Colleague: 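Sharing a structure below in C-alpha cells format, with a few things to ask.
Residue indices begin at 1 and follow the sequence shown. Numbering of ligands and ligand atoms starts at 1, following listing order. Given the structure is predicted, the values throughout are model-derived calculations rather than measurements.
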Amino acid sequence: MEKLAMLYEGKAKKIYDTDDKNYFWVEYKDDATAFNGIKKGTIADKGIINNKMSAMMFTYLAQNGVNTHFVELINDRVQIVRRLEMIPLEIVVRNIVAGSLSKRVGKEEGFVLASPVFELYYKDDNLGDPMVNETHAIALGWATMDQINAMKDIALKVNELMMAIVAKAGIDLVDYKLEFGVCNGKVMLGDEISPDTCRFWDKDTQEKLDKDRFRRDLGKVEEAYVEVYSRIKEAIANA
Ligand code: UDP
C-alpha cells in the first residue's frame, strides 16, 4: 500500500490517504499533550510503543470477536487502518475512580467502582471536550440510539477482555478512552489503545504506568510505557 497526501495531523498521530480508498496510513508521533493542549512535550519513542501497543491490543480484541479498524503493522511507527466515518464522541470507561471523575464526585483516586462506568464526551477541542449524555448525542445528531447501544455493548466487551489480560500482567485497568466509527453501516472500534489513552496502575505498588507520569511530572515516562507494553505482550503470549 502506498502513502499519499496527509489528511490530518492530530496531537499524537498523522493520518494519510492511501492508494486504496478503504484504508488510511497512520503514523504515531512522539509528541505528547495534556490538559487540552496546554501542556506540551515529547516522550522518547512513545510513537513506537503506542503504535505497537495499539496493534497488539486491537489484534487481541479482534481475536476475541471485537470489530476494530486495525489492519496491519507496516513498521515501528506506522499501521494501516480501515477508513471509518468517525462518531464525534469519546467514550470513557472506568473501573476505578481517577482523574476528572475524582474531582467531579469528590471521591479519592483509587476507589473501586461497584460496576463499570460509561461516559460520553463531545469531541471538540475548542469546547474542551465537554461531557454529554446519550440524549444530547442523539438529539444533536452525533450518533443514533442504535450506534450508542452498539458502542456500549462493544465497550463492555472490550472492558472484560482488557481487564482479563492486564490482570494477568499484574496491572489494574483504572479507566480509558475509546473512539468509534462506522464502516459499511457497522460500528467499529477505532483510534488507539495505549498508555496515552488508558490509566494503568501496578497491581501491587499502585504505581502509575501511563500518561499521568507526563501529566503530573512524575518522571520515568518512557520506562513506564515500555514496561506496560512488555508486560501485556507477555500476558497475551501466555494466554
Ligand atoms: N482520556 C483520553 N483522552 C482525552 C481525555 C481522557 O485518552 O481527551 C483518557 C485518560 O487517559 C484516562 C481516561 O480517558 O485514561 C479518563 O480521563 P479523565 O476523564 O479522568 O480526564 P483527565 O484526568 O485525563 O483529564
Side-chain angles (χ1 to χ4, degrees), residues 8-13 26 28-41 43 46-47 49-51 53-54 57-58 61 68-69 86-113 115-133 137 142 151-152 154-156 158-159 161-163 165-166 169 171-181 189-202 206-218 221 224-225 228-229 232:
Y8 174 79
E9 175 159 11
K11 293 172 196 137
K13 301 186 282 293
V26 179
Y28 278 72
K29 310 190 292 180
D30 289 344
D31 298 345
T33 62
F35 313 119
N36 200 24
I38 292 167
K39 183 176 168 81
K40 289 195 177 74
I43 301 171
K46 172 175 82 86
I49 298 296
N50 284 2
N51 180 39
M53 168 117 179
S54 268
M57 297 309 289
F58 283 129
L61 293 173
T68 87
H69 71 160
M86 294 307 288
I87 295 171
L89 293 169
E90 297 193 341
I91 313 299
V92 168
V93 182
R94 302 177 185 273
N95 299 301
I96 298 174
V97 171
S100 69
L101 181 63
S102 170
K103 295 202 183 91
R104 195 180 322 123
V105 301
K107 199 89 190 156
E108 78 277 15
E109 288 203 313
F111 180 85
V112 178
L113 294 158
S115 49
V117 167
F118 178 90
E119 296 172 349
L120 301 179
Y121 294 84
Y122 175 46
K123 248 179 99 73
D124 186 318
D125 281 341
N126 292 324
L127 300 175
D129 297 345
M131 188 171 168
V132 296
N133 70 29
W142 299 327
M151 291 192 286
K152 258 193 195 165
I154 301 170
L156 286 178
V158 166
N159 197 44
L161 290 166
M162 296 240 300
M163 293 256 274
I165 205 68
V166 308
I171 294 169
D172 285 335
L173 180 61
V174 176
D175 58 27
Y176 51 98
K177 185 261 301 178
L178 302 173
E179 291 185 31
F180 293 87
L189 185 59
D191 197 47
E192 67 176 284
I193 296 181
S194 72
D196 267 10
T197 61
C198 305
R199 283 195 171 96
F200 295 117
W201 294 352
D202 182 274
Q206 298 290 285
E207 190 188 1
K208 296 182 195 332
L209 299 172
D210 55 57
K211 194 170 161 187
D212 274 344
R213 299 204 72 83
F214 169 77
R215 291 190 190 98
R216 303 178 190 189
D217 296 317
L218 301 175
V221 189
Y225 277 56
V228 161
Y229 170 67
I232 297 176

Colleague: Does Lys177 pair with Glu119 as a salt bridge, N-O distance under 4.0 Å?
Modeller: no

Colleague: Any protein heavy atom at under 4.0 Å, with atom 11 (O) of ligand 1 as the reference point?
Modeller: yes

Colleague: So that I can tick it off, tell me whether Glu179 and Lys13 are bridged by a salt bridge, with the cut-off set at under 4.0 angstrom between side-chain N and carboxylate O.
Modeller: no

Colleague: Any idea which protein heavy atom is nearest atom 14 (O) of ligand 1, and the distance to it?
Modeller: Lys177 CB, 3.6 Å

Colleague: For the pair Asp129 (side chain) and Asp124 (backbone), establish whether a donor and an acceptor sit closer than 3.5 Å, ignoring hydrogens and angles.
Modeller: yes

Colleague: Judged on heavy-atom distance to atom 23 (O) of ligand 1, which of Lys211, Lys103, Arg199, Glu109 sits nearest?
Modeller: Arg199

Colleague: Given side chains that start at C-beta, do those of Phe58 and His69 come closer than 4.5 Å, heavy atoms only?
Modeller: yes

Colleague: State plainly whether the residues Arg199 and Asp210 are in salt-bridge range, i.e. N to O under 4.0 Å.
Modeller: no

Colleague: With Lys46, which of Asp31, Asp196, Asn51 fulfils side-chain hydrogen bond (donor to acceptor under 3.5 Å, both in side chains)?
Modeller: Asp196

Colleague: Answer yes if the side chains of Asn159 and Asn95 hold a donor-acceptor pair under 3.5 Å, and no otherwise.
Modeller: yes

Colleague: When you compare ligand 1 with Glu119, is there at least one nitrogen or oxygen pair between them that comes in under 3.5 angstrom?
Modeller: no

Colleague: Heavy-atom distances under 4.0 Å are what count here, so tell me which part of Cys198 touches ligand 1: side chain, backbone, both or neither.
Modeller: backbone

Colleague: What do we get for Asp196 next to ligand 1 when only non-hydrogen atoms under 4.0 Å count, side chain, backbone, both or neither?
Modeller: backbone

Colleague: Counting heavy atoms only, name the option from Ser102, Ser100, Pro195 that's nearest to atom 20 (O) of ligand 1.
Modeller: Ser100

Colleague: Check Asp175 against ligand 1 and report side chain, backbone, both or neither, counting heavy atoms closer than 4.0 Å.
Modeller: both

Colleague: Which residue supplies the protein heavy atom nearest to atom 4 (C) of ligand 1, what is that atom called, and how far is it?
Modeller: Glu90 OE1, 3.5 Å

